Amino acid sequence: MHHGPRRRSVLLAGTAGLATAAGLTSTAAAAPARTTPVAPPPPALIPRPRTLEMTGGRPFEITAHTAVAVRHRAPEARRTAEYLATWLRRATGHAVPVVAFGTAPHAITLAGDDETPSAEGYRLDVTHGGVLLRATEPAGLFHATQTLRQLLPAAAESATPQASPWTIAPLHIEDAPRFPWRGAMLDVARHFFTAEEVKRYVDILAMYKINRLHLHLSDSQGWRLEIKSWPRLATYGGSTEVGGGTGGYFTQREYADIVRHAAERHIMVIPEIDMPAHVNAAKASYAELACDGVAPPLYTGETGIPVSLCIDKDITYRFIGDVLGELADLTPGPYLHIGGDEALATPPEDYRTFIGRVRQTVHGLGKQMIGWEEVGLAEIASGTVVQFWADAKKAQGALAQGAELVLSPSKKAYFDMKYDADTPYGHDWAGYTDVQDGYTWDPATYIPGVGEDQVLGAESALWTERVKTFDEVQYMTLPRLPGLAEIGWSPVDGRTWEEYRVRLATHAPRWSGLGWQYHRSVEVPWGDPVTR
Ligand code: TNX
(Lines give C-alpha, C1' and ligand atoms only; values in the text may rest on other atoms or scores of the structure.)
Protein backbone atom coordinates (compact mmCIF):
# COMPACT_ATOMS: atom_id res chain seq x y z
CA MET A 1 0.00 0.00 0.00
CA HIS A 2 1.36 3.36 -0.98
CA HIS A 3 1.58 5.82 1.87
CA GLY A 4 0.97 9.43 0.98
CA PRO A 5 3.03 12.32 2.22
CA ARG A 6 2.35 13.36 5.79
CA ARG A 7 -0.09 16.23 5.69
CA ARG A 8 -1.59 16.17 9.09
CA SER A 9 -0.49 19.62 10.22
CA VAL A 10 -1.89 21.21 7.08
CA LEU A 11 -5.07 19.32 7.50
CA LEU A 12 -5.71 20.20 11.10
CA ALA A 13 -4.72 23.82 10.61
CA GLY A 14 -7.38 24.34 7.99
CA THR A 15 -10.17 22.65 9.90
CA ALA A 16 -9.39 23.11 13.55
CA GLY A 17 -12.90 24.14 14.56
CA LEU A 18 -14.49 21.25 12.80
CA ALA A 19 -11.93 18.81 14.15
CA THR A 20 -12.59 19.96 17.72
CA ALA A 21 -16.33 19.58 17.37
CA ALA A 22 -15.88 16.16 15.81
CA GLY A 23 -13.78 15.02 18.78
CA LEU A 24 -10.56 14.89 16.84
CA THR A 25 -8.40 16.69 19.38
CA SER A 26 -7.87 13.77 21.70
CA THR A 27 -4.39 13.22 23.05
CA ALA A 28 -3.92 10.38 20.63
CA ALA A 29 -4.67 12.65 17.70
CA ALA A 30 -2.27 15.30 18.94
CA ALA A 31 0.57 12.89 19.63
CA PRO A 32 3.11 12.41 16.88
CA ALA A 33 2.36 9.26 14.93
CA ARG A 34 5.91 7.96 15.07
CA THR A 35 5.75 7.28 18.82
CA THR A 36 3.52 4.27 18.13
CA PRO A 37 5.69 1.23 18.75
CA VAL A 38 4.15 -1.18 16.27
CA ALA A 39 2.12 0.27 13.42
CA PRO A 40 -0.93 -1.79 12.51
CA PRO A 41 -0.92 -3.10 8.93
CA PRO A 42 -2.65 -0.87 6.42
CA PRO A 43 -6.25 -1.93 5.83
CA ALA A 44 -7.03 -3.97 2.71
CA LEU A 45 -9.20 -1.40 0.96
CA ILE A 46 -10.61 -2.02 -2.52
CA PRO A 47 -10.47 0.11 -4.56
CA ARG A 48 -7.11 1.22 -3.26
CA PRO A 49 -7.24 4.88 -2.16
CA ARG A 50 -4.96 7.54 -3.62
CA THR A 51 -3.15 8.08 -0.36
CA LEU A 52 -3.39 6.35 2.96
CA GLU A 53 -1.35 7.11 6.03
CA MET A 54 -1.49 5.19 9.30
CA THR A 55 -1.24 7.98 11.84
CA GLY A 56 -0.74 5.88 14.95
CA GLY A 57 -2.14 5.97 18.46
CA ARG A 58 -5.08 4.30 20.12
CA PRO A 59 -7.88 3.07 17.88
CA PHE A 60 -11.34 4.50 17.45
CA GLU A 61 -14.08 2.23 18.69
CA ILE A 62 -17.80 2.18 17.95
CA THR A 63 -19.61 1.80 21.27
CA ALA A 64 -23.04 2.37 22.77
CA HIS A 65 -22.11 6.07 22.89
CA THR A 66 -21.18 6.55 19.24
CA ALA A 67 -23.37 8.82 17.12
CA VAL A 68 -23.38 9.89 13.49
CA ALA A 69 -23.34 13.66 13.04
CA VAL A 70 -23.79 15.62 9.85
CA ARG A 71 -22.87 19.11 8.73
CA HIS A 72 -23.06 19.51 4.97
CA ARG A 73 -24.83 22.04 2.75
CA ALA A 74 -26.50 19.30 0.66
CA PRO A 75 -29.67 17.71 2.05
CA GLU A 76 -28.62 14.31 0.63
CA ALA A 77 -25.80 14.25 3.16
CA ARG A 78 -28.41 13.65 5.85
CA ARG A 79 -29.68 10.66 3.88
CA THR A 80 -26.16 9.25 3.71
CA ALA A 81 -25.81 9.75 7.47
CA GLU A 82 -29.04 7.79 8.03
CA TYR A 83 -27.84 5.10 5.65
CA LEU A 84 -24.54 4.77 7.52
CA ALA A 85 -26.22 4.73 10.94
CA THR A 86 -28.76 2.12 9.83
CA TRP A 87 -25.97 -0.04 8.48
CA LEU A 88 -23.86 0.29 11.63
CA ARG A 89 -26.79 -0.59 13.90
CA ARG A 90 -27.41 -3.98 12.30
CA ALA A 91 -24.14 -5.71 13.13
CA THR A 92 -23.00 -3.67 16.15
CA GLY A 93 -26.38 -3.72 17.87
CA HIS A 94 -25.60 -0.21 19.15
CA ALA A 95 -28.11 2.64 18.97
CA VAL A 96 -25.97 4.85 16.67
CA PRO A 97 -28.30 7.86 16.62
CA VAL A 98 -28.02 10.53 13.93
CA VAL A 99 -27.54 13.78 15.83
CA ALA A 100 -27.00 17.48 15.25
CA PHE A 101 -23.42 18.45 14.55
CA GLY A 102 -21.41 19.25 17.67
CA THR A 103 -23.80 17.63 20.15
CA ALA A 104 -22.14 14.22 20.49
CA PRO A 105 -18.82 13.75 22.29
CA HIS A 106 -18.06 10.59 20.30
CA ALA A 107 -19.09 10.83 16.69
CA ILE A 108 -18.61 9.79 13.11
CA THR A 109 -19.04 13.15 11.42
CA LEU A 110 -20.05 13.72 7.80
CA ALA A 111 -18.99 17.20 6.79
CA GLY A 112 -18.42 19.48 3.85
CA ASP A 113 -14.96 20.09 2.48
CA ASP A 114 -13.83 23.33 0.94
CA GLU A 115 -10.23 22.28 0.40
CA THR A 116 -10.63 19.68 -2.32
CA PRO A 117 -13.47 20.42 -4.72
CA SER A 118 -14.13 17.09 -6.38
CA ALA A 119 -17.23 15.38 -7.76
CA GLU A 120 -16.62 12.11 -5.95
CA GLY A 121 -13.50 12.61 -3.84
CA TYR A 122 -13.36 12.61 -0.06
CA ARG A 123 -11.05 12.73 2.94
CA LEU A 124 -11.32 10.46 5.90
CA ASP A 125 -9.65 10.85 9.30
CA VAL A 126 -9.80 8.32 12.08
CA THR A 127 -8.52 9.22 15.54
CA HIS A 128 -9.20 7.77 18.96
CA GLY A 129 -11.74 10.52 19.59
CA GLY A 130 -13.76 10.40 16.39
CA VAL A 131 -14.08 9.82 12.68
CA LEU A 132 -14.34 12.67 10.21
CA LEU A 133 -15.58 12.13 6.66
CA ARG A 134 -15.28 15.19 4.44
CA ALA A 135 -16.36 15.75 0.85
CA THR A 136 -17.43 18.63 -1.34
CA GLU A 137 -20.25 16.64 -2.90
CA PRO A 138 -22.64 14.12 -1.36
CA ALA A 139 -21.30 11.40 -3.68
CA GLY A 140 -17.89 11.79 -2.07
CA LEU A 141 -19.42 11.47 1.39
CA PHE A 142 -21.15 8.29 0.31
CA HIS A 143 -17.90 6.82 -1.03
CA ALA A 144 -16.25 7.74 2.27
CA THR A 145 -18.87 5.69 4.14
CA GLN A 146 -18.00 2.70 1.96
CA THR A 147 -14.33 3.12 2.84
CA LEU A 148 -15.29 3.31 6.51
CA ARG A 149 -17.29 0.12 5.99
CA GLN A 150 -14.17 -1.69 4.78
CA LEU A 151 -12.15 -0.33 7.71
CA LEU A 152 -14.38 -2.23 10.12
CA PRO A 153 -14.04 -5.97 10.69
CA ALA A 154 -15.88 -8.23 8.23
CA ALA A 155 -18.40 -9.04 10.97
CA ALA A 156 -19.83 -5.58 10.29
CA GLU A 157 -21.45 -7.01 7.15
CA SER A 158 -23.67 -9.26 9.20
CA ALA A 159 -27.40 -8.57 9.28
CA THR A 160 -27.60 -9.52 12.97
CA PRO A 161 -25.69 -8.24 16.05
CA GLN A 162 -22.20 -9.72 16.38
CA ALA A 163 -19.75 -9.81 19.27
CA SER A 164 -16.76 -8.00 17.83
CA PRO A 165 -14.50 -5.14 18.84
CA TRP A 166 -15.59 -2.41 16.41
CA THR A 167 -12.23 -0.72 16.27
CA ILE A 168 -10.39 1.19 13.55
CA ALA A 169 -6.72 2.14 13.71
CA PRO A 170 -6.06 5.88 13.31
CA LEU A 171 -5.39 6.93 9.74
CA HIS A 172 -5.73 9.63 7.15
CA ILE A 173 -7.03 8.98 3.62
CA GLU A 174 -7.32 11.32 0.66
CA ASP A 175 -9.11 9.76 -2.23
CA ALA A 176 -10.77 10.47 -5.57
CA PRO A 177 -11.51 8.35 -8.65
CA ARG A 178 -9.31 8.09 -11.72
CA PHE A 179 -12.29 7.72 -14.11
CA PRO A 180 -15.79 9.21 -13.79
CA TRP A 181 -17.48 6.07 -15.20
CA ARG A 182 -17.21 2.83 -13.27
CA GLY A 183 -20.03 0.63 -14.43
CA ALA A 184 -21.56 -2.82 -14.20
CA MET A 185 -23.99 -4.18 -16.78
CA LEU A 186 -26.53 -6.84 -15.88
CA ASP A 187 -28.52 -8.65 -18.59
CA VAL A 188 -31.99 -9.18 -17.12
CA ALA A 189 -33.37 -10.10 -20.57
CA ARG A 190 -31.90 -13.54 -21.30
CA HIS A 191 -32.73 -14.60 -17.76
CA PHE A 192 -34.89 -12.39 -15.62
CA PHE A 193 -33.76 -11.23 -12.19
CA THR A 194 -36.23 -9.65 -9.80
CA ALA A 195 -36.14 -6.07 -8.54
CA GLU A 196 -35.07 -7.39 -5.11
CA GLU A 197 -32.15 -9.26 -6.72
CA VAL A 198 -31.14 -6.22 -8.74
CA LYS A 199 -31.15 -4.16 -5.55
CA ARG A 200 -28.84 -6.69 -3.91
CA TYR A 201 -26.57 -6.33 -6.95
CA VAL A 202 -26.61 -2.56 -6.44
CA ASP A 203 -25.53 -3.04 -2.82
CA ILE A 204 -22.37 -4.91 -3.78
CA LEU A 205 -21.60 -2.34 -6.48
CA ALA A 206 -21.85 0.44 -3.91
CA MET A 207 -19.33 -1.30 -1.66
CA TYR A 208 -16.74 -1.03 -4.44
CA LYS A 209 -17.58 2.56 -5.49
CA ILE A 210 -19.11 1.51 -8.80
CA ASN A 211 -21.32 4.42 -9.92
CA ARG A 212 -23.25 3.08 -12.94
CA LEU A 213 -25.71 0.20 -13.13
CA HIS A 214 -26.43 -0.59 -16.78
CA LEU A 215 -29.56 -2.72 -17.18
CA HIS A 216 -29.95 -4.61 -20.46
CA LEU A 217 -33.76 -4.45 -20.40
CA SER A 218 -34.72 -6.06 -23.70
CA ASP A 219 -33.47 -8.74 -26.02
CA SER A 220 -34.88 -11.40 -28.29
CA GLN A 221 -35.62 -13.71 -25.36
CA GLY A 222 -37.46 -11.21 -23.21
CA TRP A 223 -38.76 -7.68 -22.67
CA ARG A 224 -38.35 -6.69 -19.03
CA LEU A 225 -39.92 -3.26 -18.47
CA GLU A 226 -43.60 -2.36 -18.37
CA ILE A 227 -44.43 0.09 -21.17
CA LYS A 228 -47.90 1.50 -20.60
CA SER A 229 -48.52 2.49 -24.22
CA TRP A 230 -47.44 -0.95 -25.52
CA PRO A 231 -48.48 -3.27 -22.68
CA ARG A 232 -47.95 -6.60 -24.46
CA LEU A 233 -44.19 -5.96 -24.62
CA ALA A 234 -43.96 -6.91 -20.95
CA THR A 235 -46.99 -9.15 -20.44
CA TYR A 236 -46.31 -11.31 -23.51
CA GLY A 237 -42.75 -10.39 -24.57
CA GLY A 238 -41.61 -10.77 -20.95
CA SER A 239 -43.40 -14.05 -20.35
CA THR A 240 -40.42 -16.33 -20.93
CA GLU A 241 -36.61 -16.43 -21.06
CA VAL A 242 -33.73 -18.59 -22.30
CA GLY A 243 -34.64 -22.20 -21.64
CA GLY A 244 -38.37 -21.47 -21.58
CA GLY A 245 -38.79 -20.39 -17.94
CA THR A 246 -41.50 -17.98 -16.86
CA GLY A 247 -39.37 -14.85 -17.29
CA GLY A 248 -40.87 -11.73 -15.78
CA TYR A 249 -40.67 -7.96 -16.00
CA PHE A 250 -40.36 -4.88 -13.82
CA THR A 251 -43.49 -2.81 -13.39
CA GLN A 252 -42.69 0.87 -13.74
CA ARG A 253 -43.13 1.19 -10.00
CA GLU A 254 -40.58 -1.56 -9.35
CA TYR A 255 -38.21 -0.06 -11.85
CA ALA A 256 -38.51 3.36 -10.20
CA ASP A 257 -37.73 1.65 -6.89
CA ILE A 258 -34.50 0.22 -8.36
CA VAL A 259 -33.56 3.68 -9.66
CA ARG A 260 -34.23 5.19 -6.23
CA HIS A 261 -32.29 2.46 -4.38
CA ALA A 262 -29.34 3.02 -6.73
CA ALA A 263 -29.53 6.81 -6.42
CA GLU A 264 -29.37 6.55 -2.63
CA ARG A 265 -26.04 4.80 -3.20
CA HIS A 266 -24.94 7.39 -5.78
CA ILE A 267 -25.29 4.90 -8.60
CA MET A 268 -26.86 6.07 -11.86
CA VAL A 269 -29.03 3.55 -13.70
CA ILE A 270 -28.28 3.34 -17.43
CA PRO A 271 -31.30 1.74 -19.11
CA GLU A 272 -30.76 -0.11 -22.39
CA ILE A 273 -33.44 -0.97 -24.94
CA ASP A 274 -31.54 -2.87 -27.62
CA MET A 275 -32.35 -2.05 -31.29
CA PRO A 276 -32.57 -2.53 -34.27
CA ALA A 277 -31.47 -6.15 -33.60
CA HIS A 278 -32.13 -8.29 -30.50
CA VAL A 279 -35.85 -7.47 -30.83
CA ASN A 280 -37.67 -10.77 -31.26
CA ALA A 281 -39.64 -10.38 -28.04
CA ALA A 282 -41.00 -7.02 -29.23
CA LYS A 283 -41.95 -8.34 -32.67
CA ALA A 284 -43.58 -11.39 -31.11
CA SER A 285 -45.70 -9.04 -28.98
CA TYR A 286 -46.80 -6.70 -31.81
CA ALA A 287 -47.17 -8.11 -35.34
CA GLU A 288 -47.25 -4.58 -36.81
CA LEU A 289 -43.55 -4.23 -35.95
CA ALA A 290 -42.69 -6.97 -38.46
CA CYS A 291 -42.18 -5.94 -42.11
CA ASP A 292 -44.60 -8.67 -43.23
CA GLY A 293 -47.08 -8.01 -40.44
CA VAL A 294 -46.68 -11.52 -39.05
CA ALA A 295 -45.57 -11.88 -35.43
CA PRO A 296 -42.78 -14.42 -34.96
CA PRO A 297 -43.10 -16.90 -32.08
CA LEU A 298 -41.45 -16.14 -28.76
CA TYR A 299 -37.82 -17.25 -28.75
CA THR A 300 -36.17 -19.08 -25.84
CA GLY A 301 -32.96 -20.32 -27.46
CA GLU A 302 -29.54 -19.34 -26.26
CA THR A 303 -27.80 -18.14 -29.41
CA GLY A 304 -28.58 -14.86 -31.09
CA ILE A 305 -31.02 -14.92 -34.00
CA PRO A 306 -30.93 -12.57 -37.00
CA VAL A 307 -33.82 -10.18 -36.45
CA SER A 308 -34.32 -6.49 -37.15
CA LEU A 309 -36.90 -3.80 -36.62
CA CYS A 310 -38.54 -2.80 -39.91
CA ILE A 311 -36.53 0.26 -40.95
CA ASP A 312 -39.06 1.62 -43.48
CA LYS A 313 -42.23 1.43 -41.42
CA ASP A 314 -43.52 4.56 -39.65
CA ILE A 315 -44.85 2.48 -36.80
CA THR A 316 -41.26 1.47 -35.95
CA TYR A 317 -40.50 5.06 -35.02
CA ARG A 318 -43.81 5.57 -33.23
CA PHE A 319 -42.92 2.49 -31.16
CA ILE A 320 -39.44 3.82 -30.41
CA GLY A 321 -40.74 7.28 -29.56
CA ASP A 322 -43.31 5.82 -27.13
CA VAL A 323 -40.90 3.39 -25.48
CA LEU A 324 -38.02 5.83 -25.12
CA GLY A 325 -40.45 8.53 -23.99
CA GLU A 326 -41.70 6.41 -21.10
CA LEU A 327 -38.15 5.32 -20.35
CA ALA A 328 -36.92 8.93 -20.31
CA ASP A 329 -39.65 9.78 -17.78
CA LEU A 330 -38.33 6.99 -15.54
CA THR A 331 -34.71 8.08 -15.94
CA PRO A 332 -33.32 10.94 -13.84
CA GLY A 333 -29.87 10.49 -15.40
CA PRO A 334 -28.86 12.01 -18.73
CA TYR A 335 -28.40 8.78 -20.71
CA LEU A 336 -30.48 6.35 -22.75
CA HIS A 337 -28.65 3.30 -24.12
CA ILE A 338 -30.07 2.14 -27.46
CA GLY A 339 -27.92 -0.96 -27.93
CA GLY A 340 -27.18 -0.96 -31.64
CA ASP A 341 -25.01 -4.10 -31.46
CA GLU A 342 -24.87 -7.06 -33.80
CA ALA A 343 -27.36 -5.72 -36.36
CA LEU A 344 -26.62 -8.65 -38.65
CA ALA A 345 -30.08 -8.66 -40.24
CA THR A 346 -30.08 -4.91 -40.99
CA PRO A 347 -28.35 -3.78 -44.20
CA PRO A 348 -25.57 -1.21 -43.50
CA GLU A 349 -27.39 1.68 -45.19
CA ASP A 350 -30.59 0.91 -43.25
CA TYR A 351 -28.54 0.73 -40.06
CA ARG A 352 -27.18 4.22 -40.61
CA THR A 353 -30.66 5.57 -41.40
CA PHE A 354 -32.07 3.91 -38.32
CA ILE A 355 -29.40 5.10 -35.88
CA GLY A 356 -29.76 8.62 -37.30
CA ARG A 357 -33.48 8.66 -36.53
CA VAL A 358 -33.15 7.11 -33.09
CA ARG A 359 -30.45 9.60 -32.23
CA GLN A 360 -32.89 12.45 -33.00
CA THR A 361 -35.53 10.83 -30.81
CA VAL A 362 -33.10 10.49 -27.90
CA HIS A 363 -31.95 14.10 -28.24
CA GLY A 364 -35.56 15.25 -28.61
CA LEU A 365 -36.19 13.72 -25.18
CA GLY A 366 -33.33 15.77 -23.77
CA LYS A 367 -31.08 12.75 -23.28
CA GLN A 368 -27.64 11.70 -24.49
CA MET A 369 -27.34 8.55 -26.56
CA ILE A 370 -25.20 5.57 -25.62
CA GLY A 371 -24.63 2.65 -27.95
CA TRP A 372 -22.40 -0.37 -28.29
CA GLU A 373 -19.34 0.18 -30.52
CA GLU A 374 -21.30 -0.62 -33.72
CA VAL A 375 -23.00 2.79 -33.56
CA GLY A 376 -19.61 4.15 -34.64
CA LEU A 377 -20.55 2.83 -38.12
CA ALA A 378 -23.37 5.41 -38.27
CA GLU A 379 -23.29 9.17 -37.95
CA ILE A 380 -23.35 10.05 -34.27
CA ALA A 381 -23.26 13.31 -32.37
CA SER A 382 -20.13 14.40 -30.57
CA GLY A 383 -20.54 13.53 -26.91
CA THR A 384 -22.28 10.24 -27.66
CA VAL A 385 -21.04 7.56 -25.29
CA VAL A 386 -19.82 4.49 -27.12
CA GLN A 387 -19.28 1.21 -25.36
CA PHE A 388 -16.32 -0.78 -26.71
CA TRP A 389 -16.54 -4.56 -26.46
CA ALA A 390 -14.42 -6.14 -29.21
CA ASP A 391 -13.64 -4.13 -32.33
CA ALA A 392 -11.05 -1.37 -31.96
CA LYS A 393 -11.78 -0.03 -35.47
CA LYS A 394 -15.43 0.66 -34.69
CA ALA A 395 -14.48 2.34 -31.45
CA GLN A 396 -11.90 4.48 -33.24
CA GLY A 397 -14.56 5.40 -35.84
CA ALA A 398 -16.78 6.60 -33.03
CA LEU A 399 -13.93 8.57 -31.46
CA ALA A 400 -13.24 10.30 -34.77
CA GLN A 401 -16.79 11.66 -34.49
CA GLY A 402 -16.18 13.05 -31.01
CA ALA A 403 -17.57 10.15 -28.98
CA GLU A 404 -16.44 9.27 -25.48
CA LEU A 405 -15.56 5.65 -24.78
CA VAL A 406 -16.56 3.29 -22.03
CA LEU A 407 -14.46 0.14 -22.15
CA SER A 408 -16.01 -3.29 -21.69
CA PRO A 409 -13.45 -5.48 -23.43
CA SER A 410 -14.95 -8.94 -23.81
CA LYS A 411 -11.55 -10.50 -23.05
CA LYS A 412 -11.32 -8.69 -19.71
CA ALA A 413 -14.63 -7.35 -18.46
CA TYR A 414 -17.24 -9.86 -19.63
CA PHE A 415 -18.30 -11.57 -16.45
CA ASP A 416 -20.20 -14.19 -18.45
CA MET A 417 -16.83 -15.57 -19.59
CA LYS A 418 -15.75 -18.63 -17.63
CA TYR A 419 -12.84 -18.23 -15.21
CA ASP A 420 -11.34 -21.47 -16.54
CA ALA A 421 -12.34 -24.78 -18.09
CA ASP A 422 -13.96 -25.93 -14.85
CA THR A 423 -16.37 -23.01 -14.47
CA PRO A 424 -19.86 -24.53 -14.57
CA TYR A 425 -21.62 -21.48 -16.07
CA GLY A 426 -21.02 -18.96 -18.80
CA HIS A 427 -19.35 -18.66 -22.18
CA ASP A 428 -15.80 -18.94 -23.46
CA TRP A 429 -16.02 -17.34 -26.90
CA ALA A 430 -13.77 -14.48 -25.80
CA GLY A 431 -11.51 -16.86 -23.87
CA TYR A 432 -11.31 -17.61 -20.18
CA THR A 433 -11.08 -14.60 -17.89
CA ASP A 434 -9.52 -15.55 -14.59
CA VAL A 435 -9.25 -13.13 -11.69
CA GLN A 436 -5.78 -11.97 -12.71
CA ASP A 437 -6.87 -11.36 -16.33
CA GLY A 438 -9.78 -9.30 -15.07
CA TYR A 439 -7.47 -7.15 -12.95
CA THR A 440 -4.44 -6.65 -15.16
CA TRP A 441 -5.51 -4.25 -17.87
CA ASP A 442 -5.66 -0.50 -18.22
CA PRO A 443 -8.49 1.39 -19.97
CA ALA A 444 -6.02 4.10 -21.02
CA THR A 445 -3.77 1.73 -23.00
CA TYR A 446 -6.07 -1.10 -24.04
CA ILE A 447 -7.13 0.21 -27.49
CA PRO A 448 -4.28 1.29 -29.78
CA GLY A 449 -4.34 5.03 -30.36
CA VAL A 450 -6.89 5.71 -27.61
CA GLY A 451 -5.58 7.54 -24.57
CA GLU A 452 -6.77 8.36 -21.10
CA ASP A 453 -8.50 11.63 -22.03
CA GLN A 454 -10.77 9.83 -24.53
CA VAL A 455 -11.87 7.24 -22.03
CA LEU A 456 -14.74 7.84 -19.63
CA GLY A 457 -14.08 4.65 -17.77
CA ALA A 458 -14.70 0.91 -17.59
CA GLU A 459 -17.74 -1.30 -17.24
CA SER A 460 -18.24 -5.00 -16.63
CA ALA A 461 -20.88 -6.88 -18.63
CA LEU A 462 -22.71 -9.90 -17.31
CA TRP A 463 -24.72 -11.49 -20.11
CA THR A 464 -27.02 -14.20 -18.87
CA GLU A 465 -27.74 -16.71 -21.63
CA ARG A 466 -25.86 -19.25 -19.50
CA VAL A 467 -26.27 -17.64 -16.09
CA LYS A 468 -29.64 -18.73 -14.76
CA THR A 469 -29.97 -17.94 -11.09
CA PHE A 470 -28.96 -15.08 -8.84
CA ASP A 471 -26.49 -17.39 -7.08
CA GLU A 472 -24.84 -17.91 -10.47
CA VAL A 473 -24.81 -14.14 -11.02
CA GLN A 474 -22.95 -13.79 -7.72
CA TYR A 475 -20.47 -16.53 -8.58
CA MET A 476 -19.58 -14.93 -11.92
CA THR A 477 -19.37 -11.44 -10.40
CA LEU A 478 -17.18 -12.22 -7.39
CA PRO A 479 -14.23 -12.08 -7.17
CA ARG A 480 -13.91 -10.21 -10.49
CA LEU A 481 -15.97 -7.12 -9.70
CA PRO A 482 -13.52 -5.60 -7.15
CA GLY A 483 -10.76 -5.78 -9.80
CA LEU A 484 -12.85 -3.88 -12.33
CA ALA A 485 -13.72 -1.36 -9.64
CA GLU A 486 -10.06 -0.79 -8.78
CA ILE A 487 -9.13 -0.37 -12.46
CA GLY A 488 -11.77 2.35 -12.70
CA TRP A 489 -11.02 4.12 -9.44
CA SER A 490 -7.39 3.76 -8.37
CA PRO A 491 -4.19 5.24 -9.73
CA VAL A 492 -2.32 2.77 -11.88
CA ASP A 493 1.04 3.57 -10.27
CA GLY A 494 2.21 0.98 -7.81
CA ARG A 495 -0.61 -1.47 -8.42
CA THR A 496 0.47 -5.09 -8.79
CA TRP A 497 -1.41 -8.35 -9.02
CA GLU A 498 0.79 -9.89 -6.32
CA GLU A 499 -0.21 -7.22 -3.81
CA TYR A 500 -3.81 -7.04 -4.96
CA ARG A 501 -4.56 -10.75 -4.63
CA VAL A 502 -3.63 -10.68 -0.94
CA ARG A 503 -5.88 -7.68 -0.38
CA LEU A 504 -8.70 -9.33 -2.32
CA ALA A 505 -8.51 -12.48 -0.21
CA THR A 506 -9.46 -10.54 2.92
CA HIS A 507 -12.79 -9.56 1.36
CA ALA A 508 -14.21 -13.09 1.22
CA PRO A 509 -15.63 -12.99 4.77
CA ARG A 510 -17.43 -9.78 3.86
CA TRP A 511 -19.10 -11.47 0.89
CA SER A 512 -20.04 -14.42 3.05
CA GLY A 513 -21.47 -12.05 5.65
CA LEU A 514 -23.66 -10.59 2.91
CA GLY A 515 -24.74 -14.08 1.87
CA TRP A 516 -22.96 -13.83 -1.48
CA GLN A 517 -21.54 -16.77 -3.42
CA TYR A 518 -18.12 -16.32 -4.97
CA HIS A 519 -15.67 -18.33 -7.02
CA ARG A 520 -12.84 -19.57 -4.76
CA SER A 521 -10.20 -19.17 -7.43
CA VAL A 522 -6.87 -20.90 -6.76
CA GLU A 523 -5.20 -17.64 -7.79
CA VAL A 524 -6.24 -15.95 -4.55
CA PRO A 525 -4.72 -16.86 -1.13
CA TRP A 526 -8.08 -16.95 0.68
CA GLY A 527 -6.90 -18.28 4.01
CA ASP A 528 -10.32 -18.01 5.64
CA PRO A 529 -12.39 -21.11 6.33
CA VAL A 530 -15.23 -21.71 3.87
CA THR A 531 -18.30 -20.36 5.59
CA ARG A 532 -20.88 -21.39 3.02
C1 TNX B 1 -22.29 -10.51 -27.48
S2 TNX B 1 -21.41 -7.88 -26.60
C3 TNX B 1 -23.40 -9.71 -27.30
C4 TNX B 1 -24.50 -10.19 -26.44
C5 TNX B 1 -24.26 -11.57 -25.93
C6 TNX B 1 -22.82 -11.72 -25.52
C7 TNX B 1 -22.51 -13.05 -24.90
C8 TNX B 1 -22.67 -7.47 -27.30
C9 TNX B 1 -22.84 -6.06 -27.48
N10 TNX B 1 -23.52 -8.41 -27.73
O11 TNX B 1 -25.73 -10.11 -27.12
O12 TNX B 1 -25.10 -11.79 -24.85
O13 TNX B 1 -22.01 -11.55 -26.66
O14 TNX B 1 -21.23 -13.08 -24.34
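In each ligand, atom 1 is the first atom listed, and ligand 1 is the first ligand listed. As a basis for the values below, the full set of heavy atoms in this structure was taken, side chains included, without hydrogen atoms, waters or symmetry mates. On a predicted model such as this, the values are computed, not experimentally measured, just so you know.
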Going by distance only, is there an N or O of W389 that falls short of 3.5 Å from an N or O of ligand 1?
no
Hey, does the side chain of Q221 reach the backbone of V242 with a donor-acceptor pair shorter than 3.5 angstrom?
no
Could you tell me, atom by atom, which parts of ligand 1 come under 4.0 Å of a heavy atom of M417?
14 (O)
Are side-chain N/O atoms of R149 and Q146 paired as donor and acceptor at under 3.5 Å?
yes
Can you check whether E342 has an N/O within less than 3.5 Å of an N/O in ligand 1?
yes
Which atoms of ligand 1 sit under 4.0 Å from any heavy atom of H278?
11 (O)
Candidate with minimal heavy-atom separation from atom 2 (S) of ligand 1, of Y414, W372, W463:
Y414
Can you classify the ring geometry of W429 versus Y414 as parallel (below 30°), tilted (30 to 60°) or perpendicular (above 60°)?
perpendicular
Is the shortest N/O to N/O distance between E465 and ligand 1 below 3.5 Å?
yes
Distance-only, no hydrogens or angles: does the H216 side chain make a donor-acceptor pair with backbone N or O of M185 under 3.5 Å?
no
So, for W441 and A413, which heavy atoms are closest and what is the spacing to 0.1 Å?
CZ2-CB, 4.3 Å
Quick one: nearest non-hydrogen protein atom to atom 14 (O) of ligand 1, plus distance?
D416 OD2, 2.6 Å
Got an N/O contact under 3.5 Å between D187 and ligand 1?
no
Who's the nearest protein heavy-atom neighbour of atom 13 (O) of ligand 1, and how far?
W429 CZ2, 3.4 Å
Going by distance only, is there an N or O of D341 that falls short of 3.5 Å from an N or O of ligand 1?
yes
With Y475, the ring pair (Phe, Tyr, Trp, His ring centres under 6.0 Å) member among Y425, F415, Y518:
Y425
Is the ring pair F319/W230 parallel, tilted or perpendicular, if the boundaries are 30 and 60 degrees?
perpendicular
Polar side-chain atom of S410 near backbone of W389 as donor-acceptor pair, under 3.5 Å:
yes
Atom 11 (O) of ligand 1 sits nearest the protein heavy atom R190 NH2, 3.0 Å
